[in-house]
There are 2 protein chains.
Amino acid sequence: MTNSENIQNLKPLEEYAQFHKALAEPVRLRILGLLSIEESLCVCEFMDVLDLSQSTVSRHLAYLKNQGIVVSWREGTWMHYAVDKNHPAFDVLQTSLSFLSELEQSKEDRSGLKGFESITKQCHPKT
Amino acid sequence: MTNSENIQNLKPLEEYAQFHKALAEPVRLRILGLLSIEESLCVCEFMDVLDLSQSTVSRHLAYLKNQGIVVSWREGTWMHYAVDKNHPAFDVLQTSLSFLSELEQSKEDRSGLKGFESITKQCHPKT
DNA sequence: ATAGTATATCCGCATTAACAGATATAAGCA
DNA sequence: TGCTTATATCTGTTAATGCGGATATACTAT
């Protein structure tokens, strides 16, 4: 029996690969960079800071939620997202986000978030 | 000026995303799992343990080398590979490999490596 | 019930990436 | 020099994935 015949052992490995795949996109890294300093954010905050369409942001957030990296909850019409501390590989995620926080782009994003908050606490209308 | 207009800041972020992309494939994770316990291995050892073709193993090793995650050197006809401790995100890699080492598949791969060594110290001929 | 706002999902398009076989290249030995 | 062995690269195929616009769904206010 070859080493890879035990399909049962492959599944956790593939899930772990998917975990890294979730972090393998600049957009999702930037989202996580923002979520690591803010308890919760809504989709339009991401839209503004990242300069991306609503559907793009929504899909990436769904991706991260599907991988169990973020949790979400709805308050009225607003969705809130936060990093999930119960993820099996949370230590890896934490180390990854520490490294991410030192990147200039991540600092720039966070500055953009602060600027956002100073203008309004609510989402601005779409234009 | 929007937050993402500073292309100079995006490059390190994209490189970091590529780093995670290198870890986002089960085959490459298994390769790194083996390299984290063996100083150096050659292509046919990977072929045997992973049950993959020579070209597939060679390409994945090239991918990891391109990302600066492994280093390689040639001794005669044999190539040797090792994890690169000088990678900027080595801490992240180390944490990732620690988590990986707890997965059953990784343990199984390492057992397969030991079995390989006990049979022969040299690569067996292709059949 | 309807309109407004926020979010989720679908669609078509374009790009990326993994696979093994075939082939090219490099090093060592007779 | 030619053969053997090890490794790198190319090729065609298949599958996966990101994008924004359009549209569907959910919640709130009137």
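Chain A is the first sequence line, chain B the second, and so forth, proteins listed ahead of strands; every chain is numbered from 1. Just so it is clear, the structure is predicted and the values come from calculations on it, not from any experiment.
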Please list, by residue number, the residues of residues 16-26 of chain A whose heavy atoms come closer than 4.0 Å to an atom of DNA chain D; answer none if no residue qualifies. A:K21, A:E25

In terms of side-chain heavy atoms of A:T77, which of C:dT5, C:dT7, D:dG18 is nearest? C:dT5

Set out, line by line, the N/O atom pairs under 3.5 Å between protein and nucleotides 21-24 of chain C.
from: C:dG21; atom 1: N7; to: B:S55; atom 2: OG; distance (Å): 3.3
from: C:dG21; atom 1: O6; to: B:S55; atom 2: OG; distance (Å): 3.1

When rounded to whole Å, the CH2 to P distance for the pair B:W73 and D:dA6 reads 18 Å

Any carboxylate oxygen within less than 4.0 angstrom of a Lys/Arg side-chain nitrogen, looking at B:E104 and B:K107? yes

With sequence neighbours excluded, residues passing salt bridge (charged side-chain N to carboxylate O under 4.0 Å, His left out) with B:E102: none

Whole-Å gap separating P (C:dT7) and CZ (A:R74): 8 Å

Please tell me if the side chains of B:L64 and B:Y81 come closer than 4.5 Å, counting only heavy atoms from C-beta onward. no

Once you round it to whole Å, what is the distance between P of C:dT25 and CE of B:M79? 17 Å

At their closest point, which heavy atom of B:A22 faces which heavy atom of B:I69, and how far apart are they? CB-CD1, 3.6 Å

Measure from CG on A:L52 to C1' on D:dG18 and round the result to the nearest Å. 10 Å

Heavy atoms under 4.0 Å, any strand shown: does A:L61 hit a base, just sugar-phosphate, or nothing? nothing

Taking only the side-chain heavy atoms of B:R28 (C-beta and beyond), determine which of C:dA6, D:dT7, C:dA18 contains the nearest atom. C:dA18

For B:Y81, report the nucleic acid contact type (base, sugar-phosphate, nothing); a contact means any heavy atom under 4.0 Å. sugar-phosphate

Just how far is it from atom CG of A:L29 to atom CG of A:L103, taken to the nearest 0.5 Å? 8.5 Å

Provide, to the nearest angstrom, the distance between the NE2 atom belonging to B:H80 and the C1' atom belonging to D:dT7. 12 Å

Rounding to an integer number of Å, can you tell me how far B:R30 CZ sits from C:dC19 P? 11 Å

Please give, in whole Å, the distance from D:dT7 C1' to B:M47 CE? 11 Å

Out of D:dT7, C:dA18, C:dT7, which nucleotide sits closest to the side chain of A:S58? C:dT7

Which hydrophobic side chains are connected to B:V71, either touching it within the sub-4.5 Å cutoff or through other members that do? B:W73

For B:L64 and C:dA17, give me the distance from atom CG to atom C1', rounded to whole Å. 14 Å

Counting any heavy atom closer than 4.0 Å, what does B:V27 reach on the DNA or RNA strands: base, sugar-phosphate only, or nothing? sugar-phosphate

Show every ring pair (Phe, Tyr, Trp, His ring centres under 6.0 Å) that has at least one partner inside residues 24-72 of chain B, sequence neighbours left out. none

Check for a donor-acceptor pair, side chain of A:R110 on one end and backbone N or O of A:G33 on the other, with a separation under 3.5 Å. yes

Partners of B:Y16 by side chain to side chain donor-acceptor pair (under 3.5 Å), sequence neighbours excluded? A:S96, B:H20

